[in-house]
S.K.: 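Got a structure for you, questions after.
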Amino acid sequence: DKPRPPAQVIFAIMLTSNSAPAIALAAAAGAAAASFFFVHRHGLALLPAPREDDEDYEPKADGVRAVPCFSTRAWRGVWRSLRATLEGDASSAIWMLANARVPAVELHATSLAAVVGHVDREGFALCDMVVCRSTGQLVSIASPGGAAEGEAAPRVDLRGRIVLPRLVDAHCHLSKSGLYARIPSPSLSMTDALVAEAAEQERWKTEERDSPGTLARRFEWALRCAFAHGTRALRTHLDGVQEGSPALRVSVYAAFSEARERWLARGLELQGVANLWLPHYIGEHGGSQQRAAEHASEAAARDGVCLGAYVPRVGAVGSPGVGPEAVEAGFDALFALARAQAREAPPSGLPPSARELDVDVHVDEHNDPNFASLALPFLCAALERARARGYSGRVVLGHCTALCLGIAGATAEDDDKRRALIKRMAALGPSVTVVCNPHTNMSLQDRQGTTPPLGVETLPSQGARTPRWRGLTALQELRAAGVRVAAASDNVRDWWHKYGDYDGLEVASLAVRLGHLDSAQAARAPRAREAGAPAPGSGASAEWLALVGRWPAEAMGLLDMDRATDSRPAPAASEGVLPASELAPGRALGAVVVDARSCAELFARPHADRAVIVNGRLPPAWLVDLPDFEDLDDQVFQATAIDWDNRPGVQRGGVVVPDS
């Protein structure tokens, strides 16, 4: 232990239950170490501060993030080794991530074959990863000690820590990120959220006119959060393009397109969804078929945008005419427009669906136990017809909360029909994906204040009532049937959900905990423990990490794990498509490395000290530092005016429901 300076500063932060935090500064002489003392009513915690000569905390001249302070000693050593390897002697053409633990579900067949015998019972493959220093490309994946080309290369020994591909967030709403403070919902219910949504989009029309760039700043703030947490790609619903205001549509598309171009250059692909309320596709409830056709054409004219819909609850009370016939006709019109949008021929090797618009819908996000209230059966029927006519685009189904079995009030017959519907969805094939949104739907579903036509009325807000439903869709049942599933952030700090930070690891953690996915393997493969390493599709814990990795990446067209990666030509730069896994040899390495060796350790801590690797390198600090909350203060200081005591009823899609 080296001698310490003659004096150190001790910070004592006093946190008590009945007084404001007070900070006392005292000088400690001799060999006393600088420390942080956190004192509160539960006792005292002593956290040793780093020594002044600890190289982990020295700022780097080139701006690469220093090692995080509040990390384990072992992880600080890994960070130091990683930084030294990537920034040090460049005489070696390659370097190695040794003893990495990678979810087997994220590896292509050729890579998986190379690590046979090294997949553990959770579904992690222990391997060495050799990386080209000049290009950042992953050269090979091999069993531990099996990469001959890496024997003399500089190595970062992860000692079994987890390496994930960068994360994919398939359902978000960037337009309203961070705005909760200016329009706090009194009940936090979906009913009040829709009232707030309608009022806010009215405000956006004048806001963008008087202060251009407010939308763009929210996009930038959200994408900085996502990138810092290790996100590779994100799909946002383009709230505002469904409005009748041409100026607002132009502003939303401009903010999206500018952000997409800027962040593609930084290593994150942004996609968008252009939504209409489903009845508008057939000219009902104030819509017009001409406007719907224009809407689809506007979406097709922009890179990275697909076609979407807000789908009403079938037979919703207070919304005459949104019956099964109208819902089914709306889906037919939606798929017909998606197929009709001819785009330029894709580069050789890309699937035919690149010539059409993909479809992404909000569907069955309510709490009605009656099977007849579901729109999904009509979507399946319409998609079956569209497939017969040649439509081959990918289809993403957001929320699907009412598909959950065992909702209060559901009969045995209702749930039997839901099980049959899940099988029908599986029969549609791998181009259909269900995206659950655990943060938002845990917050909204079974919330007091829900009223028709959005769902079955929940008890009024007076009196204590603990929610009885978690709000997830039928994740285990869908996956067991063969339906691709994913999990996403959805709303972040807005009137739908006032928390969140676009952190895919947090999303995966909540989905696993709420859905009891950590025991799904036991339910589906009772003898898995005796059988040793799990087979693909067994429901092993590590496989569920694909909720924010492989599965949404496939749903968004970012990769096709069933194709050989070395034979597919690179796409045109203008398309910004990233068609292969970032853990595939021959592709630039993109990864999130965490101080955890198992799912239990992964979900035990928030891992704010994770290492994000982009194109085989550590990004500069300004790209991976989270933005300040204060950055949006000027957008929230003036509240959006709403008369909550006389608020109107609003249908999904922002349509005011006439009084009955």
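Values reported hereafter were calculated over all heavy atoms of this structure, with side chains retained and with hydrogens, waters and symmetry mates removed. Note that the structure is a prediction, hence the values are computed from the model and not measured.
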S.K.: Ignoring hydrogens, what is the shortest heavy-atom contact between Met96 and Ala147? Give both atom names and the distance.
M.R.: CE-CB, 4.1 Å
S.K.: Do Ser431 and Arg387 pair up side chain to side chain, a donor and an acceptor below 3.5 Å, judged on atom types alone?
M.R.: yes
S.K.: What's the separation between atom CZ in Phe256 and atom CD in Glu261, rounded to the nearest 0.5 Å?
M.R.: 11.5 Å
S.K.: Tyr391 vs Phe335 aromatic rings, parallel, tilted or perpendicular, using cut-offs 30° and 60°?
M.R.: tilted
S.K.: Just by modelled atom types, is the Arg159 backbone N or O under 3.5 Å from a matching donor or acceptor in the Asp157 side chain?
M.R.: yes
S.K.: Taking all atoms of both residues into account, what is the closest heavy-atom pair of Val483 and Val432, and its distance?
M.R.: CG1-O, 4.4 Å
S.K.: Could you check whether Ser509 and Arg513, counting side-chain N and O atoms only, form a donor-acceptor pair closer than 3.5 Å?
M.R.: yes
S.K.: Just verifying a value: how many Å separate Asp358 CG and Leu307 CG, rounded to the nearest 0.5 Å?
M.R.: 10.0 Å
S.K.: Please determine whether a side-chain nitrogen of the Lys or Arg among Glu601 and Arg161 lies less than 4.0 Å from a carboxylate oxygen of the Asp or Glu.
M.R.: no
S.K.: What about His229 and Phe227, are their ring centers closer than 6.0 Å?
M.R.: no
S.K.: Quiz question: by atom type and distance under 3.5 Å, do the side chains of Asn437 and His399 form a donor-acceptor pair?
M.R.: yes
S.K.: Got a second to check how far Arg133's CZ is from Ser92's OG, nearest 0.5 Å?
M.R.: 5.5 Å
S.K.: Thinking salt bridges, do Arg260 and Glu269 make one under a 4.0 Å N-O criterion?
M.R.: yes
S.K.: Looking at Gly393, is its backbone amide N or carbonyl O close enough to the side chain of Glu356 to form a donor-acceptor pair, meaning the two atoms are under 3.5 Å apart?
M.R.: yes
S.K.: Check this for me: does any side-chain nitrogen of one of Glu582 and Arg166 sit under 4.0 Å from a carboxylate oxygen of the other?
M.R.: yes
S.K.: What's the shortest heavy-atom distance between Pro552 and Ala170, and which atoms?
M.R.: CB-CB, 3.9 Å
S.K.: Distance-only, no hydrogens or angles: does the Asn99 side chain make a donor-acceptor pair with backbone N or O of Leu158 under 3.5 Å?
M.R.: no
S.K.: Does the side chain of Asn491 come under 3.5 Å of the side chain of His173 through a donor N or O and an acceptor N or O?
M.R.: no
S.K.: Kindly say whether Leu475 contributes a backbone atom to a donor-acceptor pair with the side chain of Thr473 at under 3.5 angstrom?
M.R.: no
S.K.: Report yes or no: is the cationic atom of Arg224 (NZ for Lys, CZ for Arg) closer than 6.0 Å to the six-membered ring centre of Trp221, at no more than 45° off its axis?
M.R.: no
S.K.: Between atom CG of Leu397 and atom CG of Asp360, what is the distance when rounded to the nearest 0.5 Å?
M.R.: 8.0 Å
S.K.: Without swapping roles, check the side chain of Thr231 against the backbone of Ala233 for a donor-acceptor pair under 3.5 Å.
M.R.: no
S.K.: Between Asp128 (side chain) and Gly145 (backbone), is there a donor-acceptor pair under 3.5 Å?
M.R.: yes
S.K.: For the side chain of Arg418 and the backbone of Leu405, is there at least one donor-acceptor N/O pair under 3.5 Å apart?
M.R.: no
S.K.: Between Asp595 and Thr72, do the side chains contain an N or O donor and an N or O acceptor separated by less than 3.5 Å?
M.R.: yes
S.K.: In terms of side-chain geometry, is the basic nitrogen of Glu554 or Arg550 positioned less than 4.0 Å from the acidic oxygen of its partner?
M.R.: yes
S.K.: Is a donor on one side and an acceptor on the other found under 3.5 Å between the side chain of Thr135 and the backbone of Gln137?
M.R.: yes
S.K.: Quickly, which of Val156, Val139, Leu138 forms a side-chain contact (heavy atoms from CB on, under 4.5 Å) with Met129? Name it, please.
M.R.: Leu138
S.K.: Do you know which two heavy atoms are closest between Leu164 and Pro103, and how far apart they sit?
M.R.: CD2-CG, 3.5 Å
S.K.: Got Ser143 and Cys127 here, is their nearest side-chain heavy-atom distance under 4.5 Å?
M.R.: no
S.K.: Is it the case that Asp490 and His439 place a side-chain donor and acceptor less than 3.5 Å from each other?
M.R.: no
S.K.: If you apply the rule side-chain hydrogen bond (donor to acceptor under 3.5 Å, both in side chains), what do you find for Ser541 with Asp518, and how did you get there?
M.R.: CA-CA 5 Å; Ser541 296; Asp518 45 5; over 6 Å; no
S.K.: Measure the acute angle between the ring planes of His171 and His237, then classify it against the limits of 30° and 60° as parallel, tilted or perpendicular.
M.R.: tilted
S.K.: Do Trp95 and Leu86 pass the side chain to side chain contact (heavy atoms under 4.5 Å, CB included) test, and can you show the C-alpha distance, the side-chain angles, and the key distance before you say yes or no?
M.R.: CA-CA 8 Å; Trp95 61 279; Leu86 291 179; 3.3 Å; yes
S.K.: Would the distance check show the side chain of Arg101 and the main-chain N or O of Gly160 forming a donor-acceptor pair, the cut-off being under 3.5 Å?
M.R.: yes
S.K.: Looking only at heavy atoms, which two atoms of Pro144 and Leu126 are closest? And how far apart?
M.R.: CD-O, 3.4 Å
S.K.: Okay, side chain of Trp79, backbone of Asp609: is any donor-acceptor separation there less than 3.5 Å?
M.R.: yes
S.K.: To the nearest 0.5 Å, what is the distance between CG on Leu505 and CD1 on Ile162?
M.R.: 9.0 Å
S.K.: Can you tell whether the side chains of Asp169 and Arg235 come within less than 4.0 Å, N to carboxylate O?
M.R.: no
S.K.: At their closest point, which heavy atom of Cys306 faces which heavy atom of Leu357, and how far apart are they?
M.R.: CA-CD2, 4.3 Å
S.K.: Among Val105, Leu545, Val163, Val119, which one satisfies side-chain contact (heavy atoms from CB on, under 4.5 Å) with Phe124?
M.R.: Leu545
S.K.: With rounding to the nearest 0.5 angstrom, report the SG to NE2 distance, Cys400 to His362.
M.R.: 11.0 Å
S.K.: Check the side chains of Ser598 and Glu122 for a donor-acceptor pair under 3.5 angstrom, ignoring hydrogens and angles.
M.R.: no
